[in-house]
Protein chains: 2
Amino acid sequence: MQSFTEENYIKAIYKLIEANGNTVSTNSIAEKMNTKAASVTDMLKKLYTKKLINYKKYQGVTLTTKGEKTALNIIRKHRLWEMFLVEKLDFKWDEVHDVAEQLEHIDSDKLIEQIDKFLNYPKVDPHGDPIPDAKGKLNVTKSQVLSKFNKNDVCVMTGVVDHSPSFLQYLDKSGINLGIEIQIKDVVLFDRSLQITINKNTAIFISNEVAKNILVIKKNYKKNSLKV
Amino acid sequence: MQSFTEENYIKAIYKLIEANGNTVSTNSIAEKMNTKAASVTDMLKKLYTKKLINYKKYQGVTLTTKGEKTALNIIRKHRLWEMFLVEKLDFKWDEVHDVAEQLEHIDSDKLIEQIDKFLNYPKVDPHGDPIPDAKGKLNVTKSQVLSKFNKNDVCVMTGVVDHSPSFLQYLDKSGINLGIEIQIKDVVLFDRSLQITINKNTAIFISNEVAKNILVIKKNYKKNSLKV
DNA sequence: ATTATATTTTAGACTAGCCTAAATTTTATT
DNA sequence: AATAAAATTTAGGCTAGTCTAAAATATAAT
Ligand SMILES: [Mn+2]
Ligand SMILES: [Mn+2]
Ligand SMILES: [Mn+2]
Ligand SMILES: [Mn+2]
């Protein structure tokens, strides 16, 4: 069994690898964990003796199979709890993160399996992030950021990059939620800001910065897909 | 804000006072917390500086108003979580305690108020223990142990004294649950074991030790009560 | 009223996690 | 290739919470 602190380090390492590929540096962990590099080095030694990470001095860090399984289990719990809070307790998607940061450390297999069942085995969390299954299997998402698409493209929103409350609240206020259909009506060349419609309603403007934080899947990509 | 450890000490002190009256000794806290007296003394100094307990060297301990409020809030959370586990996640009453010991430390007012609402504001937990309200108000229970009653008395079961899984499982197996009507058919003078009926069914025997751990309220005590 | 026993506190030490400052190693730049 | 800069690790120290052993105090027994 790991301490809360160890679990948070493992999750941080997992997310850094997911975001930036292969190995991860001491400094980047320190930044993500809001600690100092010296503290990270101490913890890396400990995680190494517990066989959770591969670590050689000055060489950066990767997760072992055991470490990755551990990380995915924490992420599974985090996302299921977020889903529970939104679906059952009327939390907004910008309110769940801090509570889930605590709940993800509760140690009870039965609890998390029952929560999963209670929610009817959801595939994604309130932010569109995939929920690993009990064996640690994670569906890879093929979403892309909205800013990559062009005039007249039609997409469905599937997630967000930035998870901050302020960004999520801005999306709420703008009527931008998971599942909406977004059509790009115009792209301003100067700053790549977008004019879009949501579910074919009146158009709104969003900045390129916003578009870079909205994940979508392009609609009607396959010729033989259903046109509704 | 308190650490998990501090919260557990405060709850232990509250329960010892509740069980044994007025002040509580260093040794009794050590026993309940599975620590040594020296560790308790250290913690008492800390809780005193935080104004959570009244403490003078060698004189025993009581809770301040602030300490009692803290204790009741932790107990509120513990019991609401137990209720949630039983009512919504199909846990048995003997399975909830260890998980609730973890969940009671989750820090979120909104979470616990929403859980309360989700459960429709229950008054007692799965073991019949009263749930303090958000202001820390606790309904005093007038239940008594079944062993105090006599032949032909009719009671309703309202709670348990012993909360151990083995005792709770024994009760399950014997059909003894909260809300059942218990009639004392016979009392064996030699060992004060009881022959009882449950909801007027065929009689079973229980030991005095078991009867001392079952809480009940006597039925039809008032002459003008409803006879169903 | 002394003495003996039990309880509680203090003293000193340990681990987990964190820090700053200094030393080491790697990487980048001339 | 030599040097400068950046990244990382080590050294030493701090707090929370724990322990054992010893000292102090309170309680019980003569
Ligand atoms: Mn989150
Ligand atoms: Mn999420
Ligand atoms: Mn309990
Ligand atoms: Mn209970």
Side-chain angles (χ1 to χ4, degrees), chain A residues 1-14 16-17 19-63 67 70-71 74 101-102 104-105 107, chain B residues 1-14 16-17 19-63 67 70-71 74 101-102 104-105 107:
Chain A
M1 197 36 44
Q2 292 88 221
S3 68
F4 284 22
T5 307
E6 287 167 356
E7 290 189 349
N8 285 331
Y9 271 94
I10 293 165
K11 194 176 59 154
I13 293 167
Y14 178 92
L16 287 167
I17 291 172
N20 312 318
N22 47 59
T23 71
V24 53
S25 71
T26 301
N27 264 353
S28 64
I29 299 170
E31 190 185 7
K32 178 149 261 196
M33 293 292 296
N34 281 304
T35 57
K36 297 303 161 76
S39 308
V40 173
T41 302
D42 285 346
M43 181 57 78
L44 294 182
K45 288 176 185 167
K46 190 176 166 194
L47 296 178
Y48 177 73
T49 68
K50 291 196 171 190
K51 298 189 194 303
L52 290 160
I53 61 171
N54 304 117
Y55 171 58
K56 278 208 194 85
K57 272 201 220 178
Y58 296 100
Q59 299 307 126
V61 163
T62 59
L63 289 174
T70 302
I74 302 163
E101 281 297 316
Q102 299 179 63
E104 71 188 2
H105 302 293
D107 177 31
Chain B
M1 199 34 44
Q2 293 86 221
S3 67
F4 284 22
T5 307
E6 287 167 355
E7 290 190 349
N8 285 332
Y9 271 94
I10 292 165
K11 193 175 61 153
I13 294 167
Y14 179 92
L16 287 167
I17 291 172
N20 312 317
N22 47 59
T23 71
V24 54
S25 71
T26 301
N27 265 352
S28 63
I29 298 170
E31 191 185 7
K32 177 148 264 193
M33 291 293 296
N34 283 304
T35 57
K36 296 304 160 73
S39 308
V40 174
T41 300
D42 285 346
M43 182 57 77
L44 294 183
K45 288 175 186 167
K46 191 176 166 195
L47 296 178
Y48 176 73
T49 68
K50 292 195 170 190
K51 296 189 195 303
L52 290 160
I53 62 171
N54 304 116
Y55 172 57
K56 276 207 196 87
K57 271 201 216 176
Y58 295 103
Q59 299 307 126
V61 162
T62 59
L63 289 174
T70 302
I74 302 162
E101 281 299 316
Q102 299 179 63
E104 70 188 3
H105 302 292
D107 177 31

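Each chain gets a letter, A, B and so on, in the order its sequence line appears, and its residues count up from 1.
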If only side-chain N and O atoms of A/Tyr55 are considered, is one of them under 4.0 Å from the OP1 or OP2 phosphate oxygen of D/dT9?
yes
Full working for side-chain contact (heavy atoms from CB on, under 4.5 Å) between B/Thr23 and B/Gln59:
CA-CA 8 Å; B/Thr23 71; B/Gln59 299 307 126; over 6 Å; no
Are A/Val61 and A/Tyr9 packed together at the side-chain level, in the sense that at least one heavy-atom pair is separated by less than 4.5 angstrom?
no
What are the two closest heavy atoms between A/Glu7 and A/Glu104, and how far apart are they?
OE1-O, 4.3 Å
For the residue pair B/Met43 and B/Ile29, establish whether any side-chain heavy-atom pair is separated by less than 4.5 Å.
no
Are any of B/Lys45's side-chain N or O atoms less than 4.0 Å away from OP1 or OP2 of C/dT9?
no
Of all the choices, D/dT9, D/dA26, C/dT26, which nucleotide is nearest to the side chain of A/Thr41 once you look at every atom?
D/dT9
Restricting both atoms to N or O, compile the protein contacts to nucleotides 19-21 of chain D shorter than 3.5 Å, with distance only.
from   : atom 1 : to      : atom 2 : distance (Å)
D/dC19 : OP2    : B/Lys36 : N      : 3.0
D/dC19 : OP2    : B/Ser39 : OG     : 2.7
D/dT20 : OP2    : B/Lys36 : NZ     : 3.0

Under 4.0 Å between a side-chain N/O of B/Asn27 and OP1 or OP2 of C/dA6, yes or no?
no
Side-chain N,O (B/Tyr9) to OP1/OP2 (D/dT18) below 4.0 Å:
yes
Starting from P on C/dT7, measure out to CD on B/Gln59 and report it in whole angstrom.
16 Å
Could you tell me how far apart B/Met43 (CE) and C/dT9 (P) are, to the nearest whole angstrom?
14 Å
Protein-nucleotide distance (B/Gln2, atom CD; D/dA16, atom C1'), rounded to Å
15 Å
Looking at A/Lys57, does any N or O in its side chain come under 4.0 Å of the phosphate oxygens OP1/OP2 on C/dT24?
no
From A/Lys32, A/Gln2, A/Met33, residue fulfilling side-chain contact (heavy atoms from CB on, under 4.5 Å) relative to A/Asn8:
A/Met33
May I have the distance from B/Glu31 (atom CD) to C/dT7 (atom P), rounded to whole angstrom?
11 Å
On the nucleotide C/dA16, are OP1 or OP2 found under 4.0 Å from the side-chain N or O atoms that A/Thr5 carries?
no
Rounding to a whole Å, what distance do you find between B/Leu44:CG and D/dT18:C1'?
14 Å
Salt bridge (Lys or Arg N to Asp or Glu O under 4.0 Å): pairs with one or both residues in residues 49-60 of chain B, sequence neighbours excluded:
B/Glu6-B/Lys50
Please confirm whether any donor atom in the side chain of A/Tyr58 sits under 3.5 Å from an acceptor in the base of D/dT9, or the reverse.
no
Base, sugar-phosphate, or nothing: which does A/Phe4 touch, judged by heavy atoms less than 4.0 Å apart?
nothing
Spacing of A/Glu6 atom CD relative to C/dC18 atom P, expressed in whole Å:
10 Å
Testing A/Thr49, A/Thr62, A/Thr41, A/Leu47 one by one against A/Tyr55 for a side-chain contact (heavy atoms from CB on, under 4.5 Å), which residue passes?
A/Thr41
